[in-house]
Amino acid sequence: MSYCLEKVSKGFVSGRRELTVLREVSLELGGEVPTVIQGASGSGKTTLLNLLGGLDAPSAGRVLWRGEDLGGMSRVAAARWRNKQVGFVFQSYQLMPQLNALENVLLPGWLGRRNAEERARELLGQVGLGERLDHLPRELSGGEQQRVAIARALIQDPAVLLADEPTGNLDAENSEAILHLLLDLTAQTKKVFILVTHDDSIANRFTQRYLLRDGELKVAGT
Ligand SMILES: Nc1ncnc2c1ncn2[C@@H]1O[C@H](COP(=O)(O)OP(=O)(O)OP(=O)(O)O)[C@@H](O)[C@H]1O
Ligand SMILES: [Mg+2]
């Protein structure tokens, strides 16, 4: 499996100023080694994940999925690719407040798959929420809401899981549990797993580590 960034640059124009966030970043993700990208606040971690997940387009360079340039896909094809191949987990969970746990997990599945409900129940069981199916987000703790978000990210059985500071709002014990769950579930199903964080103690748990600084991506420790 090949999934890579090829000399990707990204800049934003706001008003009359132009800000370059990423400069010719290249990255090859292919194996099943969980990857962490570390960087300070504002270094471009979320920007990088958005490009990887096709939520935003590079200013220059290409994002290649199995040799295909995401930038060359139509909007519909890109949306379909994202829905099928990519799961996202965010710091702020981003659950729909009016839907219960089961319904939140089902949401991406409604767009696609049969037997989604059975699968959603199974996933919620795997993340330890088998008894919380009909709880609304506000009736769940932060860690529990993040477990729902993880189940939602996995419902389409994507090839890639992208996590943006997924434990940023959790205490140490819950962070550890969520990280363990993410590493475990992605290893079991051989997904490409990429997590971004500013936090050393999280990054230390990964074998493949990169550092994002001044728009450049380097292997950590070099
Ligand atoms: N849509 C946008 N328009 C203009 N500037 C943007 C936009 N998105 C991000 N930026 C700028 O790009 C830089 C990188 O932002 P990004 O959100 O990727 O950082 P980050 O590493 O995820 O930070 P944090 O750890 O705080 O989440 C910031 O300076 C930000 O202000
Ligand atoms: Mg961010």
Side-chain angles (χ1 to χ4, degrees), residues 3-29 34-65 70-71 73 75 78-79 82 86-95 142-143 145-150 152-153 158 160-172 174-176 178-179 181-183 186 191-206 208-222:
Y3 183 28
C4 53
L5 297 178
E6 199 181 77
K7 293 194 169 176
V8 163
S9 298
K10 181 68 182 176
F12 295 104
V13 183
S14 62
R16 289 165 60 199
R17 292 179 49 185
E18 198 179 332
L19 173 74
T20 303
V21 179
L22 302 174
R23 294 167 213 276
E24 301 206 345
V25 167
S26 294
L27 174 65
E28 206 172 327
L29 303 150
T35 300
V36 71
I37 297 169
Q38 235 184 312
S41 178
S43 60
K45 303 182 298 295
T46 297
T47 303
L48 185 70
L49 276 195
N50 287 344
L51 295 172
L52 275 170
L55 292 173
D56 200 357
S59 310
R62 305 191 297 168
V63 184
L64 296 168
W65 170 258
L70 293 191
M73 292 183 188
R75 287 183 77 91
R82 199 165 51 238
V86 188
F88 288 94
V89 179
F90 306 95
Q91 175 172 357
S92 52
Y93 326 133
Q94 303 201 7
L95 302 176
Q145 289 183 58
Q146 193 57 299
R147 288 164 191 269
V148 175
I150 292 168
R152 178 187 56 188
V160 178
L161 187 70
L162 303 177
D164 194 348
E165 299 272 10
T167 63
N169 282 329
L170 303 174
D171 60 33
N174 268 297
S175 287
E176 179 55 36
I178 291 293
L179 187 61
L181 197 55
L182 285 166
L183 287 166
T186 51
K191 294 187 194 312
V192 176
F193 176 36
I194 303 148
L195 180 146
V196 304
T197 183
H198 66 276
D199 188 336
D200 275 333
S201 63
I202 302 282
N204 285 336
R205 299 286 306 276
F206 288 74
Q208 186 73 62
R209 293 174 59 177
Y210 293 92
L211 184 65
L212 190 56
R213 190 162 56 197
D214 301 329
E216 291 180 15
L217 190 70
K218 297 198 168 126
V219 175
T222 61

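Read the numbers this way: they start at 1 and go in the same order the structure lists the ligands and their atoms.
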Next item on the list: Answer yes or no as to whether an N/O/S atom of Ser41 is found below 2.8 Å from the Mg ion (ligand 2).
Entry: no

Note to self: For Ser9, give me all partners under side-chain contact (heavy atoms from CB on, under 4.5 Å), at least two apart in sequence or on another chain.
What the structure shows: Glu24, Ala60

Check: In Å and rounded to the nearest 0.5 Å, what is the CG to CG distance from Leu217 to Leu48?
Finding: 6.5 Å

Item checked: Rounded distance (nearest 0.5 Å) linking atom CD1 of Ile150 with atom OH of Tyr93 -> 10.5 Å

Item checked: Shortest protein heavy-atom distance from atom 27 (O) of ligand 1, along with the residue and atom involved -> Thr46 OG1, 4.0 Å

Note to self: Pairs of nitrogen or oxygen atoms closer than 3.5 Å, one from Leu19 and one from ligand 1: do any exist?
What the structure shows: no

Next item on the list: Do me a favour and list the nearest non-hydrogen protein atom to atom 25 (O) of ligand 1 with residue, atom name and distance?
Entry: Lys45 NZ, 2.7 Å

Notebook entry, point to check: Nearest protein heavy-atom contact for atom 26 (O) of ligand 1: which residue, which atom, what distance?
Noted result: Ser41 OG, 2.6 Å

Next item on the list: Output the distance between atom CD1 (Ile194) and atom OH (Tyr3), rounded to the nearest 0.5 Å.
Entry: 5.5 Å

Item checked: atom 12 (O) of ligand 1: nearest protein contact (heavy atom, Å) -> Val21 CG2, 3.2 Å

Next item on the list: Considering only non-hydrogen protein atoms, determine which one is nearest to atom 18 (O) of ligand 1 and report residue, atom name and distance to 0.1 Å.
Entry: Thr47 OG1, 2.6 Å

Check: Considering only protein heavy atoms, which is closest to atom 3 (N) of ligand 1, and at what distance to one decimal place?
Finding: Phe12 CD2, 3.5 Å

Item checked: Residue that, paired with His198, satisfies side-chain hydrogen bond (donor to acceptor under 3.5 Å, both in side chains) out of Gln38, Lys45, Glu165 -> Glu165

Next item on the list: Apply side-chain contact (heavy atoms from CB on, under 4.5 Å) to Val36 and list each qualifying residue two or more places apart in sequence or on a separate chain.
Entry: Leu195, Thr197, Ala203, Phe206, Arg209

Checklist line | Within-shell test, Gly44 vs ligand 1, heavy atom, strictly < 4.0 Å | finding: yes

Notebook entry, point to check: Any idea which heavy atoms bring Leu70 and Leu51 closest together, and the distance?
Noted result: CD1-O, 4.1 Å

Note to self: Checking contacts now, so for atom 31 (O) of ligand 1, which I'm interested in, is there any protein heavy atom under 4.0 Å?
What the structure shows: no

Item checked: Gly39 touching ligand 1 at heavy-atom level, < 4.0 angstrom -> no

Notebook entry, point to check: Between Ser14 and ligand 1, is there a nitrogen or oxygen pair with a distance under 3.5 Å?
Noted result: no

Next item on the list: Within a distance under 4.0 Å of any heavy atom of Ala40, pick out the atoms of ligand 1 and give their elements.
Entry: 21 (O)

Check: If you count the non-hydrogen atoms of other residues, nucleotides and ligands that lie under 6.0 Å from CD in Gln94, is the total more than 12?
Finding: yes

Next item on the list: Tell me which protein heavy atom sits closest to atom 28 (C) of ligand 1, plus the residue, atom name and distance to 0.1 Å.
Entry: Gly42 O, 4.0 Å

Next item on the list: Inspect the contact between Arg62 and Glu6 and indicate whether a charged nitrogen and a carboxylate oxygen are less than 4.0 angstrom apart.
Entry: yes

